[in-house]
Amino acid sequence: MPHPKRHLKTYHKRTALESIEKYAEKDSTTIKLIYSLLEPHSALYTWEQKDKILTISVPALQKKNEETLLCLIRKVHSDGGILFKETKNEVLTSYKTYFEKKSNKSTLDFFRKKMPKDDFDALEMSLFLREESKKGHDISIYRKEIRDKFGARGTNISNLCSAGYFEDEFMKLYKELETEDYQKYYELAVGIRARALFINADMNVDDIEEAFDEMVNKATQYHIEEFKIHGIGKTNIKNILKAISNKIKESDSIYTVNKLHHDKNTIEYKVIVSL
């Protein structure tokens, strides 16, 4: 009696594009778009099963299938990934151009292995937003995206980035200090927020005065000789001027306040604390 015909399974080996689409649709997948101009990434994609991270080489995928790349970009910004939830087409174009021009490449290369990954991602986004702000674009909604994604620490990184602390201060100190001392200082500036006070639109004069006192307390507690106060916008400037005037009147020589810069849209003070 003849044997029944055996049914052999045919296995289809997925193409790279099919794999990318499969992983991208998985629940809780994090998609990272890597621009090789900033970070060498020869493979078309990598998939980290444990953490569900799909990393895409943008230039490689653009050459392979630009339509798939555009779909991924739309998915990333709609899901709140490395781009931004509210990103519009013109901002996506600016984002791509920003990387193609190697904007801030030296800053990113310097800090890439010198700070926690989430801090670096927040810095990367913040540098892009700083460029957009220089063009006169409203970036307030994207600052909110950074706050939602990285919390108060990310917001502080964004503020420090906008004020130039990473290039003007952190780079210099990293080269001058021992690694352990630098890390302590970095955490005081970024995590504890003892280096700079950034005034926002939700703060009134009383809030600014309270925040000022908190900064003085941090300075004495952590032995920080000085901190700066930054404000942008006419209302913030008006409130800062009033709050600083009040604090100077009640000062008992614990601190001195020096105005560093003041124009119609920005203001900056340095506060020197007697330790």
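All values reported here derive from a predicted model rather than from experimental measurement.
Side-chain contact check for N204 versus I208: every heavy-atom pair is 4.5 Å or farther apart. By the 4.5 Å heavy-atom criterion applied to side chains, R195 and Y165 are counted as neighbours. Residues F212 and V257 have side chains in contact (heavy-atom distance under 4.5 Å, counting atoms from C-beta outward). Residues N246 and K242 have side chains in contact (heavy-atom distance under 4.5 Å, counting atoms from C-beta outward). Taking the side chain as every heavy atom from C-beta outward, K228 and Y269 never approach each other to under 4.5 Å. Looking only at side-chain heavy atoms (C-beta outward), F110 and K175 come within less than 4.5 Å of each other. Counting heavy atoms from C-beta on, the side chains of Y186 and P116 come closer than 4.5 Å.
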inquiry  = Could you walk me through whether D202 and D207 satisfy the side-chain contact (heavy atoms from CB on, under 4.5 Å) test, starting with their C-alpha distance in whole Å, then the side-chain angles of each, then the deciding distance to 0.1 Å, before giving a yes or no?
reply    = CA-CA 9 Å; D202 294 329; D207 294 328; over 6 Å; no

request  = Begin with the C-alpha distance, continue with both residues' side-chain angles, and end with the deciding distance and a verdict on side-chain contact (heavy atoms from CB on, under 4.5 Å) for F166 and L123.
outcome  = CA-CA 9 Å; F166 283 89; L123 174 62; 3.8 Å; yes

query = Would F120 and F111 satisfy ring pair (Phe, Tyr, Trp, His ring centres under 6.0 Å), going step by step from the backbone distance to the final call?
reply = CA-CA 7 Å; F120 181 81; F111 287 106; 8.4 Å; no

task = For the pair K105 and E124, evaluate salt bridge (Lys or Arg N to Asp or Glu O under 4.0 Å) and give the outcome as yes or no after the intermediate values.
result = CA-CA 10 Å; K105 182 180 186 299; E124 186 176 34; over 6 Å; no

task = Take E187 and K184 through the salt bridge (Lys or Arg N to Asp or Glu O under 4.0 Å) test and state the conclusion after the steps.
result = CA-CA 5 Å; E187 191 57 33; K184 288 179 180 178; over 6 Å; no

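What you find for A196 and L160 is that their closest heavy atoms are CB-CD2, 4.2 Å. For the pair L127 and C161, the tightest heavy-atom approach, listed with the atom from each and the gap, is CD2-SG, 3.5 Å. Closest of all the heavy-atom pairs between S126 and I146 is OG-CD1, 3.6 Å. The heavy-atom pair separating L54 from Y45 by the smallest distance is CD1-CD1, 3.8 Å. Here the closest heavy-atom approach between residue A152 and residue R193 is recorded as CB-NH1, 3.9 Å. Shortest non-hydrogen contact noted between A219 and L275 is O-CD2, 3.5 Å.
When ring centroids are compared, Y222 and F227 stay outside the 6.0 Å threshold.
The NE2 atom of H223 sits 8.5 Å away from the CD atom of Q221 when rounded to the nearest 0.5 Å. Between atom CG of residue N258 and atom CD1 of residue I272 there is a gap of 5.0 Å, rounded to the nearest 0.5 Å. Summarising the geometry, atom NZ belonging to K114 is positioned 10.5 Å from atom CD belonging to Q183; distances are rounded to the nearest 0.5 Å.
Not counting sequence neighbours, the partners of K135 by the side-chain hydrogen bond (donor to acceptor under 3.5 Å, both in side chains) test are E132.
Screening N159, I267, N236, I237 for a side chain to side chain contact (heavy atoms under 4.5 Å, CB included) involving I199 leaves a single residue, N236. Under the side chain to side chain donor-acceptor pair (under 3.5 Å) rule, S162 has a single partner from H230, R143, K134, which is R143.
A cation-pi arrangement is not found for K172 relative to Y174, the charged atom failing to lie both closer than 6.0 Å to the ring centre and inside a 45° cone about the ring normal.
Salt bridge status for R153 with D118: absent, with no side-chain N to carboxylate O gap under 4.0 Å. Under the 4.0 Å criterion applied to side-chain N and carboxylate O atoms, E225 and K270 are not assigned as salt-bridge partners. Contact check on K249 versus E209 returns no salt bridge, with no Lys/Arg side-chain nitrogen under 4.0 Å from an Asp/Glu carboxylate oxygen. Under the 4.0 Å criterion applied to side-chain N and carboxylate O atoms, D121 and K117 are assigned as salt-bridge partners.
Both F150 and L108 are part of a single hydrophobic cluster, where members link through side-chain heavy atoms under 4.5 Å apart. Residues V190 and F198 share a single hydrophobic cluster, defined by chaining ILVMFWY side chains whose heavy atoms lie under 4.5 Å apart. Under the 4.5 Å side-chain contact rule for hydrophobic residues, L197 and L188 do not share a cluster. Note on I192: it does not cluster hydrophobically with M115, by side-chain heavy-atom contacts below 4.5 Å among ILVMFWY residues. The hydrophobic clustering, which links ILVMFWY residues whose side-chain heavy atoms are closer than 4.5 Å, places Y182 and I224 apart.
Residues E180 and Y185 bring no donor and acceptor atom of their side chains to less than 3.5 Å of each other. Under 3.5 Å, the side chains of D263 and T266 contain a donor-acceptor pair of N or O atoms.
Applying the 6.0 Å contact sphere to CD1 of I232 captures no more than 12 heavy atoms from other residues, nucleotides or ligands. Enclosure of atom NZ in K22 by more than 12 non-hydrogen atoms of other residues, nucleotides or ligands within 6.0 angstrom is indicated. In E178, the CD atom is not crowded: 12 or fewer heavy atoms of neighbouring residues, nucleotides or ligands sit closer than 6.0 Å.
Looking at S19, its side chain does come within 3.5 Å of a backbone N or O of T15 through a donor-acceptor pair. Not a single donor-acceptor pair under 3.5 Å links the side chain of N104 to the backbone N or O of T107. Put simply, the side chain of N156 gets close to the backbone of A189: a donor and an acceptor are under 3.5 Å apart. Under the 3.5 Å distance criterion, the side-chain polar atoms of S245 are left unmatched by any main-chain donor or acceptor of L241. Between the K259 side chain and the E268 main chain, no donor and acceptor come within less than 3.5 Å of each other.
Between Y23 and W47, the ring-plane angle classifies as parallel under the 30° and 60° cut-offs.
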